[in-house]
**Q** 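Quick one: this structure, given as structure tokens, is what I'll be asking you about.
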Amino acid sequence: MLEYFLGSYIITITGVIWAYLWGEHVHSGTGLACVFIVLVLAVLETSLSFDNAVVNAMKLEKMSHKWRHRFLTWGILIAVFGMRFLFPVLVVAIFANLDMITVTKIALTDSDKYASYLHATHAPIVTFGGMFLIMLFLNYFFDHKKTVHWITPIEKPLSTLDHIRGIEIVISLLMLIFVQHYIPQDNKVNVIIAGMAGIITYLVIDGVAHFLERHEEMQNAQCAAGGIKCAGLISFIYLELIDASFSLDGVLGAFALSKDVLIITIGLAIGAMFVRSLTIMLVEKKTLAKFLYLEHGAHWAIGALAIIMLVTTVKEIPEVVTGLIGLVFIVAAFISSLIHNKNQAELEKTDN
């Protein structure tokens, strides 16, 4: 276990020290309180992101060891500074019509003002992530080549729907139209644009990934570094976008515990590092192969998360509720896998 989580422990110790020093420097006498908030955020991020780890592991299994390592190193930098800090700053800058330098200064010096800006852009942010995850959910279950089904009465009929070309896009757009009907008039356009951007982003990344998979030999000849390296890059980007979509509600929900963007970033960074360490462990120990339905449970959790994110555009839902729903699917899939393995073992004994 230590080899998988050593980096996470180091990040935790570093983050706790930094949080204490920042608290004492900016909010004199609140160092220990800042450490407590950081640890709470880290625990919440880790415990409520197990479905994220399962999905990441599923993608990482197809990547080389080099790209797995980059997911843990480059990926954590993107997850922490990209999604937990720069992305919210970028969104606020776009919708508040301010430059990023100004927004960054506001985030570091006026946390209340920054939080109000972020709250105002909540609907477009979660709509982007929600539509991206809806596409991921639908594309997984709309696959007639799937032979393994967990909730068979539902999954088996869904698997035949991919015979209708573009059906997942149609469903996603209909959901977006339905959601925008409840959005205040002054925010409708932003929500629609963000939702369409989420769908388009998924289609582009997924399309490129499929292209590289089907033309591996051609890519080996065309890419100076080799096709596997190019395919690894696309898969890496794909993983980061999935991870980003999972983290959106967590980033926004964290402001319920603290308005200090650096304290939030540190707490979520520790959680993100543990999720990545868990992902690598799942891959190296081939856990998904041992538990047949974990992948299915994770995608049902994705679907639930996507719908909840869309609901939060008009009604606030605690992050704990979101995480618990995902955890229920994961635990149920895990138990079903154990039962399946036990039945298979008994069947093999009977045959012998």
**Q** Is there a side-chain contact between Asn190 and Thr127, using heavy atoms and a 4.5 Å cut-off?
**A** no

**Q** Is it true that a side-chain atom of Ser8 and a backbone atom of Met273 form a donor plus acceptor pair closer than 3.5 Å?
**A** yes

**Q** Can His122 and Thr312 be said to form a side-chain contact (heavy atoms from CB on, under 4.5 Å), step by step?
**A** CA-CA 9 Å; His122 172 88; Thr312 60; 3.5 Å; yes

**Q** What are the two closest heavy atoms between Leu136 and His299, and how far apart are they?
**A** O-CD2, 4.2 Å

**Q** Do Ile193 and Ile183 land in one hydrophobic cluster if side-chain heavy atoms of ILVMFWY residues count as linked below 4.5 Å?
**A** no

**Q** Where is the tightest heavy-atom contact between Leu203 and Ile169, given as atom of each residue plus distance?
**A** CD1-CD1, 3.8 Å

**Q** Thr46 and Gly271: which non-hydrogen atoms are nearest, and at how many Å?
**A** OG1-CA, 3.3 Å

**Q** Please report the shortest heavy-atom distance between Ala93 and Met100, naming the atom on each side.
**A** CB-CG, 4.0 Å

**Q** In the structure I gave you, are the side-chain heavy atoms of Leu21 and Ile17 within less than 4.5 Å of one another anywhere?
**A** yes

**Q** Taking Lys290 for the side chain and Asn341 for the main chain, is one N or O donor matched with an acceptor at less than 3.5 Å?
**A** no

**Q** In Å, rounded to the nearest 0.5 Å, how long is the span from OG of Ser277 to CG of Leu282?
**A** 11.0 Å

**Q** Identify each donor-acceptor pair in which a side-chain atom of residues 326-337 lies under 3.5 Å from a protein atom, sequence neighbours left out, and give them as a table.
**A**
{"from": "Ser336", "atom 1": "OG", "to": "Trp150", "atom 2": "NE1", "distance (Å)": "2.9"}
{"from": "Ser336", "atom 1": "OG", "to": "Ala332", "atom 2": "O", "distance (Å)": "2.9"}
{"from": "Ser337", "atom 1": "OG", "to": "Leu292", "atom 2": "N", "distance (Å)": "3.4"}
{"from": "Ser337", "atom 1": "OG", "to": "Tyr293", "atom 2": "N", "distance (Å)": "2.9"}
{"from": "Ser337", "atom 1": "OG", "to": "Ala333", "atom 2": "O", "distance (Å)": "2.8"}

**Q** Determine whether Tyr182 and Val189 fall in the same hydrophobic cluster, where Ile, Leu, Val, Met, Phe, Trp and Tyr are linked whenever their side-chain heavy atoms lie under 4.5 Å apart.
**A** no

**Q** Taking C-beta and beyond as the side chain, do Leu278 and Val275 meet within less than 4.5 Å on heavy atoms?
**A** no

**Q** Hey, is the main chain of Met135 close enough, under 3.5 Å, to the side chain of Asn139 for a donor-acceptor pair?
**A** yes

**Q** For the pair Thr30 (side chain) and Gly23 (backbone), establish whether a donor and an acceptor sit closer than 3.5 Å, ignoring hydrogens and angles.
**A** yes

**Q** Quick check: do Glu155 and Trp300 have side-chain heavy atoms less than 4.5 Å from each other?
**A** yes

**Q** Between Tyr140 and Glu295, does a side-chain contact (heavy atoms from CB on, under 4.5 Å) hold up when you go through it step by step?
**A** CA-CA 10 Å; Tyr140 177 77; Glu295 189 177 322; 3.0 Å; yes

**Q** Could you measure the distance from the CG atom of Asp99 to the NZ atom of Lys105? Nearest 0.5 Å is fine.
**A** 8.0 Å

**Q** Can you establish whether the number of heavy atoms outside Leu77 located under 6.0 Å from its atom CG is more than 12?
**A** yes

**Q** Which value, rounded to the nearest 0.5 Å, describes the distance between His144 atom NE2 and Lys156 atom NZ?
**A** 14.0 Å

**Q** Check Pro124 against Val191 and note the closest heavy-atom contact, atom names and distance.
**A** N-CG2, 4.2 Å

**Q** Grouping I, L, V, M, F, W and Y whenever their side-chain heavy atoms are under 4.5 Å apart, do Ile199 and Phe178 come out in a common cluster?
**A** yes

**Q** Given the rule that I, L, V, M, F, W and Y join up when any side-chain heavy atoms are under 4.5 Å apart, are Ile13 and Ile37 in one cluster?
**A** no

**Q** Which heavy atom of Val89 sits nearest a heavy atom of Tyr114, and at what distance?
**A** N-OH, 3.7 Å

**Q** To the nearest 0.5 Å, tell me how far Leu158 CG sits from Thr160 OG1.
**A** 7.5 Å

**Q** So, do Val38 and Trp18 sit near enough that their side-chain heavy atoms are less than 4.5 Å apart?
**A** no

**Q** Got a second to check how far Phe132's CZ is from Phe137's CZ, nearest 0.5 Å?
**A** 15.0 Å

**Q** Can you tell me how far apart CG (Leu347) and NE2 (His340) are? Round to the nearest 0.5 Å.
**A** 9.5 Å

**Q** Show your working on side-chain contact (heavy atoms from CB on, under 4.5 Å) between Phe128 and Thr201 and close with a plain yes or no.
**A** CA-CA 9 Å; Phe128 174 88; Thr201 301; 3.7 Å; yes

**Q** Is it possible for you to say whether Ile192 and Val179 belong to one hydrophobic cluster, with membership spreading through side-chain heavy-atom contacts below 4.5 Å?
**A** yes

**Q** Does a side-chain heavy-atom distance below 4.5 Å link Leu98 with Tyr117?
**A** yes

**Q** Are the side chains of Ile171 and Phe142 in contact, using a 4.5 Å heavy-atom criterion?
**A** yes

**Q** Determine, step by step, whether Leu310 and Met131 satisfy the side-chain contact (heavy atoms from CB on, under 4.5 Å) criterion, reporting the C-alpha distance in whole Å, the side-chain angles of both residues, the deciding distance to 0.1 Å, and the verdict.
**A** CA-CA 8 Å; Leu310 295 177; Met131 297 315 299; 3.9 Å; yes

**Q** Give a yes or no on whether the backbone of Met281 and the side-chain of Glu284 come within a donor-acceptor separation of less than 3.5 Å.
**A** no

**Q** I want to check something: taking the side chain as every heavy atom from C-beta on, are Leu32 and Tyr20 in contact at a cut-off of under 4.5 Å?
**A** yes

